[in-house]
Trainee: 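Just dropping this structure here.
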Amino acid sequence: MKLTVNARCFLLMLILCAGCASRKEGCPLAALGPVYVTDSASLRIDGFVGELLEKRLSKVQFIKGRYKEKTFDFQSVLKISESGLSLVFLSPAARVLTLSVSPEGMCALTVPPTVPVPDHPEYLLFDLALVLCDAATLRRALPAGITLEGRSLVHNGAVLMRYTPGNPAVLENFVRGYRYEIEDLQCL
């Protein structure tokens, strides 16, 4: 079968695009960097991921986000089961991000290079922990000087991060400059 020049160019573009995605594969959770909750105070993600992986849930959500002056909308599909954690962000045009954590603690993150999303899985996992983990687990993982008040992280009286449950729920990170409104669409 002979391909036209256009078909060959299209196939070449597909192959090149498939190789352009930024990937972090097979990374043990212990090798991930720290999560900085202030400029100097940080915590290790492996302090609470074990509890995250014990959750059993599956849901589809609509997320309206704001990062600095940019706004965006996407859907997320979150599944936590005995086979691990999977989080996928989808926009109308494409898959924006895929994060997975195996029961053995191996983490993989895929972000296309054109997507302005930080490729630090530890921050995404910490956001999930703030929403899903119990207060005792979060308190054990926090560095000295950071307190948990309700679902807010506080340092010297200043709120660093806040999760407000509801539908939509709101997750705000004042240090890193983002805000998500999270609406449950469907629990699978």
Side-chain angles (χ1 to χ4, degrees), residues 18 20-37 43-67 70-134 137-138 141 151 153 161-173 176-188:
C20 286
S22 170
R23 296 174 123 342
K24 288 189 178 181
E25 297 240 8
C27 177
L29 289 172
L32 293 178
V35 173
Y36 284 91
V37 291
L43 57 91
R44 298 293 311 169
I45 199 74
D46 46 359
F48 48 78
V49 171
E51 181 173 320
L52 260 181
L53 291 175
E54 291 174 9
K55 307 280 182 200
R56 297 296 177 254
L57 61 94
S58 185
K59 55 173 64 179
V60 177
Q61 299 171 313
F62 178 72
I63 299 176
K64 290 176 78 164
R66 186 183 77 237
Y67 177 67
K70 295 182 181 186
T71 60
F72 48 88
D73 297 338
F74 51 86
Q75 281 192 330
S76 73
V77 179
L78 171 63
K79 183 176 182 180
I80 306 174
S81 67
E82 59 279 343
S83 60
L85 179 147
S86 172
L87 175 65
V88 178
F89 289 168
L90 304 163
S91 74
R95 180 180 293 225
V96 177
L97 174 147
T98 302
L99 170 69
S100 61
V101 180
S102 74
E104 297 79 32
M106 297 301 282
C107 182
L109 177 69
T110 304
V111 182
T114 57
V115 175
V117 178
D119 64 349
H120 302 287
E122 54 272 23
Y123 286 93
L124 292 169
L125 289 168
F126 184 67
D127 287 349
L128 284 173
L130 185 61
V131 171
L132 298 174
C133 288
D134 64 61
T137 300
L138 291 170
R151 281 297 192 195
L153 292 183
M161 286 183 75
R162 176 177 36 227
Y163 173 68
T164 307
N167 200 19
V170 177
L171 177 65
E172 298 168 286
N173 186 319
R176 297 181 68 81
Y178 62 84
R179 180 180 197 275
Y180 298 139
E181 288 182 22
I182 307 161
E183 181 182 348
D184 284 337
L185 298 177
Q186 182 179 13
C187 289
L188 304 172

Trainee: For the SG atom of Cys133 and the CD atom of Glu54, what is their distance to the nearest 0.5 Å?
Mentor: 9.0 Å

Trainee: Answer whether the closest heavy-atom distance between the side chains of Asn173 and Phe126 falls below 4.5 Å.
Mentor: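 They are not in contact (no side-chain heavy atoms under 4.5 Å apart), so the answer is no.
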
Trainee: Taking only residues two or more places apart in sequence, or in another chain, which ones meet Ser86 in a side-chain hydrogen bond (donor to acceptor under 3.5 Å, both in side chains)?
Mentor: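 Partners of Ser86 by the side-chain hydrogen bond (donor to acceptor under 3.5 Å, both in side chains) criterion come out as none, since no residue qualifies.
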
Trainee: Looking at CG of Leu130 and CD of Glu172, how far apart are the two atoms once the value is rounded to the nearest 0.5 Å?
Mentor: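 Leu130 atom CG to Glu172 atom CD measures 11.0 Å (nearest 0.5 Å).
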
Trainee: Can you tell me how far apart CG (Leu78) and OG (Ser58) are? Round to the nearest 0.5 Å.
Mentor: 7.5 Å

Trainee: Hey, are the side chains of Val170 and Arg179 touching, using non-hydrogen atoms and a 4.5 Å cut-off?
Mentor: yes

Trainee: For residues Leu99 and Cys107, determine if any side-chain heavy atom of one lies less than 4.5 Å from a side-chain heavy atom of the other.
Mentor: yes

Trainee: Rounded to the nearest 0.5 Å, what's the gap from CZ on Phe89 to OG1 on Thr98? Could you check?
Mentor: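 OG1 of Thr98 is found 10.0 Å from CZ of Phe89.
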
Trainee: Between Lys55 and Leu132 (side chain of the first, backbone of the second, donor and acceptor by atom type, cut-off under 3.5 Å), is there such a pair?
Mentor: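 Yes, because the side chain of Lys55 sits within donor-acceptor range (under 3.5 Å) of the backbone of Leu132.
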
Trainee: Just so I know, are the side chains of Leu185 and Lys59 near enough to count as touching, which here means a heavy-atom distance under 4.5 Å?
Mentor: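 No; the side chains remain at least 4.5 Å from each other.
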
Trainee: Examine the side chains of Asp184 and Gln61 and answer whether a donor and an acceptor come within less than 3.5 Å of each other.
Mentor: yes

Trainee: Ile63 and Ser76: which non-hydrogen atoms are nearest, and at how many Å?
Mentor: CD1-OG, 3.6 Å

Trainee: Can you find a pair of side-chain heavy atoms, one from Glu181 and one from Arg66, that are under 4.5 Å apart?
Mentor: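 No. Closest side-chain heavy atoms not under 4.5 Å.
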
Trainee: Would you call Val101 and Leu52 a side-chain contact if the rule is heavy atoms closer than 4.5 Å?
Mentor: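 Answer no - side chains too far apart.
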
Trainee: Would you indicate whether the side-chain heavy atoms of Leu138 and Arg151 approach each other to under 4.5 Å?
Mentor: yes

Trainee: First locate atom CE of Met161, then atom CZ of Arg176, and finally report the distance between them rounded to the nearest 0.5 Å.
Mentor: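 Reported value, rounded in 0.5 Å steps: 9.5 Å.
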
Trainee: If the condition is side-chain hydrogen bond (donor to acceptor under 3.5 Å, both in side chains), which residues does Glu51 pass it with, not counting sequence neighbours?
Mentor: Thr137

Trainee: Might you point out which heavy atoms bring Pro103 and Ser83 nearest each other, and give the distance in Å?
Mentor: CD-O, 3.3 Å

Trainee: Rounded to the nearest 0.5 Å, how far apart are CG of Leu85 and CG of Leu57?
Mentor: 8.5 Å

Trainee: Assess whether side chain to side chain contact (heavy atoms under 4.5 Å, CB included) is satisfied between Ile80 and Leu128, documenting all intermediate values.
Mentor: CA-CA 11 Å; Ile80 306 174; Leu128 284 173; 5.9 Å; no

Trainee: Where does the angle between the aromatic ring planes of Phe74 and Tyr180 fall among parallel (under 30°), tilted (30 to 60°) and perpendicular (over 60°)?
Mentor: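 Phe74 vs Tyr180 ring planes: perpendicular.
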
